Number of protein chains: 2
Amino acid sequence: MKLPIDQIVVGDCVASMKALPDACVDLVFADPPYNLQLGGELHRPDNSRVDGVDAEWDQIGNHDDYDLFSCAWMEEASRILKPDGAIWVIGSYHNIFRLGTFLQDMGFWIRNDIIWRKSNPMPNFKGTRFTNAHETLIWATKTKDAKPTFNYAAMKALNDGVQMRSDWTFPICSGAERLKLEDGKKAHPTQKPEALLHRVLLATTNPGDIVLDPFFGTGTTGAAARRLGRHFIGLEQDMNYAEIARGRIAAIEPGSADAIDVTKSKRAEVRIAFGSLVESGLVKAGDKLYDAKGRARATVRADGSIKAGDKTGSIHQIGALVQNAPSCNGWTFWHFRSGDGLAPIDELRAKARKALADLG
Amino acid sequence: MKLPIDQIVVGDCVASMKALPDACVDLVFADPPYNLQLGGELHRPDNSRVDGVDAEWDQIGNHDDYDLFSCAWMEEASRILKPDGAIWVIGSYHNIFRLGTFLQDMGFWIRNDIIWRKSNPMPNFKGTRFTNAHETLIWATKTKDAKPTFNYAAMKALNDGVQMRSDWTFPICSGAERLKLEDGKKAHPTQKPEALLHRVLLATTNPGDIVLDPFFGTGTTGAAARRLGRHFIGLEQDMNYAEIARGRIAAIEPGSADAIDVTKSKRAEVRIAFGSLVESGLVKAGDKLYDAKGRARATVRADGSIKAGDKTGSIHQIGALVQNAPSCNGWTFWHFRSGDGLAPIDELRAKARKALADLG
DNA sequence: CGGGGAGGTGAATCCTCCT
DNA sequence: AAGGAGGATTCACCTCCCC
C-alpha cells in the first residue's frame with residue numbers, strides 16, 4: 001500500500017489508521033479533544049463574552065466514553081508506529097491524566113512529560129482558581145527498550161548551550177500566525193503555536209521522517225514538518241479544517257529560513273515577587289521594614305503584603321502611602337535590619353536572583 | 001474520638017486513617033511514593049518485598065500493586081475529608097497520571113494542576129532525555145460542587161499584584177533547609193521545600209485548619225503548618241523519619257496572628273445594602289446617579305431602589321439594564337456628584353463600613 | 001512615522017448567599 | 001433543590017485609530 005505522504009485524509013481517524021500498515025510511521029503527534037465539559041457562558045469583568053470551545057468534537061461526554069475513544073485511537077497509533085518510533089500527546093488536566101495512564105497500561109514507556117508554559121494565558125476571570133497557564137505533553141515510546149530519535153545536541157543548542165528542560169515557554173497562537181476565516185473569526189478554536197511543533201519535531205525526528213497526526217485540525221503539525229523537511233500524514237474529520245490546512249501548508253517554503261522567526265521563544269523574565277522572599281525564608285512573616293532613616297515602619301505578612309498602621313498592601317503601595325507619594329519603588333524604599341544597620345530589601349532580591357541564576 | 005492534632009502517628013497510613021472519624025480534616029496533602037521503575041525492587045506499602053518482582057517488572061503495564069495501594073489511601077483520605085475540604089497530591093510522570101485518573105474516577109473534581117518548576121533540577125547525565133525539571137501537583141475537591149477555601153487575594157498579593165499562575169518556581173530543598181543525619185547524609189531522599197508547602201497552605205487553608213499528611217516523611221507539611229498557624233496530623237511508617245520530624249517541628253516558632261494574617265478578598269467584607277445609605281443620609285432620596293462619563297442617569301428613591309426612565313430596581317439591576325449587560329456591579333458603575341466631579345458610590349459604602357467598624 | 005489610548009481575545013471544567 | 005438577587009472579577013498580548 002502506498003502511504004498518503006504529505007496528504008490530509010478526511011474521515012474518522014481510527015478508521016483511517018486501520019487502513020495503514022503496521023510500523024509505517026516514525027512519530028505520532030496527537031492533540032485529541034480535551035473533553036472540557038464547560039458549563040454555561042463565561043463573561044470577563046468588562047462583561048464581554050468569552051468565546052470558549054463549544055465545538056461538537058469536544059463534547060464526548062463522561063469519562064467512560066472518553067476512555068473508550070482514547071484507547072481506540074491509541075491502539076491504532078501503537079500499531080502503525082515503528083518499533084523505535086515515539087508518540088507525543090498533549091492535553092490539559094481535564095484529559096492528560098487519563099491519556100498518560102492508558103499509555104502506561106498499553107505498555108508505552110514515558111520518556112518525559114513536558115510542560116508548555118503559556119506566556120500569555122487567559123486569566124481566571126472569577127478569582128476562583130489559579131490561572132490555568134500551561135498544558136502538558138507526554139513523550140513516550142512503544143516499549144521500555146525502544147531507542148527513539150532524540151537530538152540532544154540540537155536541543156542544547158536551541159537552549160543557549162544548556163540542556164533543554166522539561167518546561168518550555170511559548171506564547172499562545174495569536175496575531176498573524178492565527179488562521180482566520182473570511183469573517184475574521186478564528187478558523188479553529190485550539191490552534192497550536194508552530195513553535196511548539198517545531199521543537200517537538202526538531203527534538204524527536206530526523207529529516208525525511210514520517211509524522212502522523214490523527215487530529216490534524218488546521219495543520220500546525222504539517223506546517224512545522226514541511227518547514228523542517230519532514231513528511232506528514234494528516235487525519236482530520238472536518239473537511240473545512242482540512243481545506244484550510246491544505247492551503248496553509250502549500251504556502252510554506254520547505255526548509256526555508258523563515259522557520260526561524262517562529263522558533264524564537266520568549267525567555268521568561270526573571271521577575272522576583274516580594275512574596276517569594278517570604279516563601280524562601282529570606283524575609284520572615286512578622287519582620288519589620290524601615291525607610292532609609294529608620295522611620296516609617298511596616299510589618300511583613302505571610303502573603304508578601306506589608307502592614308503599616310491599619311493599611312495593608314504591596315511594598316510599593318505602602319511605600320507610596322507612608323510618603324504620601326503617587327508611587328514608590330518598594331525595593332529601594334524599604335530596608336531591613338542587617339547587622340548593626342539597615343540595608344535595602346533590594347539586596348535580598350539580588351540574592352534571590354543570584355540563587356536562581358547560579359542554580360538554574 | 002480525640003484527633004492526634006499536631007502529632008505524628010507512626011504506622012501504616014491506611015490503617016492510621018481508618019482510625020480517624022469521617023469528615024474530620026480540612027485538607028489532605030499527600031506526597032506518596034513515586035513508583036520509580038528503576039528496575040530494582042518493588043515493595044508493598046507495608047514495606048514487604050513483592051515476590052517474583054524481577055520477573056514481573058518486565059511485563060509491561062503491570063501497575064496493579066501501585067494502583068491498589070493508591071486507591072486504598074485515597075479512599076480513606078476522601079472519607080476523612082470534610083465535604084468542602086480539598087486534597088493535594090504531588091508526583092512525577094511515573095505516578096501522577098495514575099493518581100489523577102483515580103481521583104477523577106473516585107468523583108474528585110480537579111480545580112487545578114500545578115507545576116513545580118525546579119530552578120535547580122538534577123541534569124540528565126546521559127543526554128537521552130530532557131532535564132526532568134518539574135513535578136506536578138493536583139488540587140481537587142471531593143465533589144464538583146464543593147466550595148473549598150481559596151485565598152485568591154493572598155495569592156495575588158504573593159505574586160506582586162497579578163493573579164497567581166499554575167506554574168510555580170522554587171529551588172529544590174538543599175542547603176541549611178535540607179535535613180542531614182549525623183554522618184552528613186541527607187535524612188530523607190525526597191524532602192520537599194518548605195516554600196512549596198507555604199504556598200499550598202496559604203492558598204487553600206485558613207488559620208486553625210487541620211491538615212493531614214499521610215506520607216509525612218521528615219515533616220515539611222508540619223513545619224509549614226506550624227509556621228502558618230495551621231494544625232497538622234502526620235502519618236509516617238518510618239519511626240526514624242518521625243523522630244526527625246518531631247525535633248524539626250518543635251524548633252519552629254509558631255506564626256503570630258499578625259504575621260499569618262493575609263490580604264482578604266472583598267467577598268469576605270460585611271455586606272452593606274444601598275438602602276442603608278439612604279436611611280443614614282449618606283445618599284438622599286431624589287439624588288441623581290451617573291455613570292463614570294456622566295451619561296446614564298438615575299434617581300434614588302426612598303427605599304434604596306433607583307429609577308432610570310420608567311424602570312425601577314436595584315443599583316445592580318438598573319446598571320445592567322442601561323448598559324444592556326448581563327450583570328453589573330452597581331457600586332462601581334454608579335457615581336454621585338462630589339465637589340466639582342463624580343465619584344463612585346462605592347466610596348459611600350466604604351464610609352458606611354468604616355462607621356460600622358468604629359462602632360462595633 | 002511614532003506614541004498613546006481604546007478595543008478585542010485566548011483549550012475555561014470560573015460566584016455566593018438567601019429564600 | 002432550585003431560583004433570584006447581590007455584586008465580584010482579568011493578563012499579556014494584539015490591531016486599529018487618532019494626533
Side-chain angles (χ1 to χ4, degrees), chain A residues 31-55 57-59 63 90-96 116 118-136 169-178 180 184-186 188-193 215 217 266 269, chain B residues 84 104 108-113 139-141 143-145 147 150 152-153 156 159-166 265-269 271-275 304-305 313-320 325-334 345-346 349:
Chain A
D31 179 12
Y34 289 9
N35 198 24
L36 288 182
Q37 305 178 254
L38 302 179
E41 292 202 328
L42 178 65
H43 292 91
R44 298 187 181 80
D46 66 3
N47 270 327
S48 62
R49 200 180 71 84
V50 174
D51 182 18
V53 180
D54 60 354
W57 49 256
D58 198 56
Q59 323 278 332
H63 289 321
I90 180 169
S92 64
Y93 66 84
H94 309 83
N95 68 328
I96 196 66
W116 168 27
K118 303 180 184 183
S119 55
N120 52 347
M122 185 158 75
N124 178 286
F125 296 116
K126 303 297 188 187
T128 54
R129 304 182 177 200
F130 299 97
T131 307
N132 199 352
H134 73 274
E135 296 189 25
T136 301
T169 306
F170 296 110
I172 59 176
C173 182
S174 67
E177 190 188 337
R178 187 84 193 209
K180 300 274 176 24
K185 296 217 166 81
K186 56 192 174 191
H188 192 285
T190 70
Q191 185 183 341
K192 295 290 175 291
F215 306 95
K266 301 189 180 172
E269 305 138 29
Chain B
D84 286 332
Q104 289 181 316
F108 279 93
W109 195 251
I110 299 177
R111 319 299 283 204
N112 275 116
D113 58 338
W139 172 40
T141 49
T143 62
K144 179 181 179 179
D145 298 324
K147 303 268 182 273
F150 181 53
Y152 174 77
K156 193 169 169 174
N159 196 35
D160 273 358
V162 296
Q163 208 169 75
M164 186 70 80
R165 297 166 40 113
S166 58
S265 79
K266 281 196 187 172
R267 286 196 176 103
E269 300 226 47
R271 234 177 54 200
I272 304 276
F274 182 67
S305 64
S314 72
I315 51 172
H316 314 296
Q317 289 169 329
I318 300 300
S327 72
C328 168
N329 181 345
W331 291 107
T332 51
F333 178 72
W334 293 110
I345 58 175
D346 209 21
R349 179 169 67 163

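Labels below follow one simple rule: chain letters A, B, ... track the order of the sequence lines, proteins then strands, and each chain is numbered from 1. Predicted model, so just to flag it, every value in this text is computed and none were measured. Excluded from the calculations below are hydrogen atoms, water molecules and symmetry mates; all remaining heavy atoms, backbone and side chain alike, are included.
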Considering only [options], which nucleotide approaches the side chain of [X] most closely?
| X | options | result |
| --- | --- | --- |
| A:R129 | C:dG10, C:dT13, D:dT9 | C:dT13 |
| A:T128 | C:dC14, D:dT10, C:dT9 | C:dC14 |
| A:Q37 | C:dG10, C:dT13, D:dG7 | C:dT13 |
| B:K156 | C:dA12, D:dC11, D:dG7 | D:dC11 |
| B:Q317 | C:dC15, D:dT9, D:dG6 | D:dG6 |
| A:N120 | C:dA11, D:dC11, D:dA12 | D:dA12 |
| A:F125 | C:dC15, C:dT13, D:dC11 | D:dC11 |
| B:W331 | D:dG7, D:dG6, C:dG10 | D:dG7 |
| A:P123 | C:dG10, C:dA11, C:dC14 | C:dG10 |
| A:W57 | C:dA11, D:dA8, C:dA12 | C:dA11 |

Whether the side chain of [X] and the base of [N] hold a donor-acceptor pair under 3.5 Å is what I'd like checked.
| X | N | result |
| --- | --- | --- |
| B:T332 | D:dA8 | no |
| B:R111 | C:dT13 | no |
| A:R44 | C:dG10 | yes |
| A:K192 | C:dA11 | yes |

Note, A:N124 side chain near B:Q163 side chain (heavy atom, < 4.5 Å): yes
Beyond-backbone contact of A:F170 with A:S119, side-chain heavy atoms, under 4.5 angstrom: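 The answer is no, as the side chains (C-beta and beyond) never meet within the 4.5 Å cut-off.
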Between [atom2] on [N] and [atom1] on [X], what's the gap in Å once rounded to a whole number?
| X | N | atom1 | atom2 | result |
| --- | --- | --- | --- | --- |
| B:I110 | C:dT13 | CD1 | C1' | 10 Å |
| B:D145 | C:dT16 | CG | C1' | 13 Å |
| A:D31 | C:dA11 | CG | C1' | 9 Å |
| A:E41 | C:dC14 | CD | P | 13 Å |
| B:Y152 | C:dT16 | OH | P | 13 Å |
| B:F150 | C:dT16 | CZ | P | 11 Å |
| A:N95 | C:dA12 | CG | P | 13 Å |
| A:H94 | C:dA12 | NE2 | P | 9 Å |

Crowding at NZ, B:K144 (>12 non-hydrogen neighbours, <6.0 Å): no
Toward the 5' end of DNA chain C, by each residue's nearest nucleotide, B:R267 or A:D51: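 Counting from the 5' end, the first nearest nucleotide belongs to A:D51.
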Sugar-phosphate only, base, or nothing, as touched by [X] at under 4.0 Å among non-hydrogen atoms:
| X | answer |
| --- | --- |
| A:T190 | base |
| B:C328 | base |
| B:R271 | sugar-phosphate |
| A:G40 | base |
| A:N124 | base |
| A:P32 | base |
| B:R349 | sugar-phosphate |
| B:K144 | nothing |
| A:I90 | nothing |

Indicate whether OP1 or OP2 belonging to [N] is found under 4.0 Å from a side-chain N or O atom of [X].
| X | N | value |
| --- | --- | --- |
| A:R178 | C:dG8 | no |
| B:S314 | D:dG6 | yes |
| B:N329 | D:dA8 | yes |
| A:N35 | C:dT13 | no |
| B:H316 | D:dG6 | no |
| A:K186 | C:dG10 | yes |

The single option from A:E41, A:M122, A:H43 passing side chain to side chain contact (heavy atoms under 4.5 Å, CB included) against A:V50: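 Testing A:V50 for a side chain to side chain contact (heavy atoms under 4.5 Å, CB included) against A:E41, A:M122, A:H43 leaves exactly one candidate, A:M122.
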Result of checking A:D54, A:D58, A:N95 against A:L36 for side chain to side chain contact (heavy atoms under 4.5 Å, CB included):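 The passing option is A:D58.
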Aromatic centroids of A:W57 and A:H188 separated by under 6.0 Å: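 Ring-ring flag for A:H188/A:W57: true, centres closer than 6.0 Å.
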Charged N-O contact under 4.0 Å between A:K185 and A:D51: no
Residues B:T143 and B:D145: side-chain donor-acceptor under 3.5 angstrom: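 Their side chains do not contain a donor-acceptor pair, so the 3.5 Å distance test is not met.
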Parallel, tilted or perpendicular: rings of B:F150 and A:F130 (30°, 60°): perpendicular
DNA chain C stem ranges, 3 or more consecutive Watson-Crick or G-U pairs under 3.5 angstrom: C:2-10 with D:11-19, C:15-19 with D:2-6
Residue whose closest nucleotide on DNA chain D lies nearer the 5' end, B:I315 versus A:S174: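 The residue whose closest nucleotide sits nearer the 5' end is B:I315.
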Heavy-atom closest pair, residues A:I172 and A:K118: CG2-CD, 3.6 Å
Nearest heavy-atom neighbours spanning A:P123 and A:T131: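 For A:P123 versus A:T131, the nearest heavy atoms are CA-CG2, 4.0 Å.
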[atom1] atoms of [N] and [M], separation to the nearest Å:
| N | M | atom1 | value |
| --- | --- | --- | --- |
| C:dT9 | D:dT10 | C1' | 12 Å |
| C:dT16 | D:dA1 | C1' | 16 Å |
| D:dC18 | C:dC1 | C1' | 13 Å |

Syn/anti state for D:dT10 [syn: chi within 90° of 0]: anti
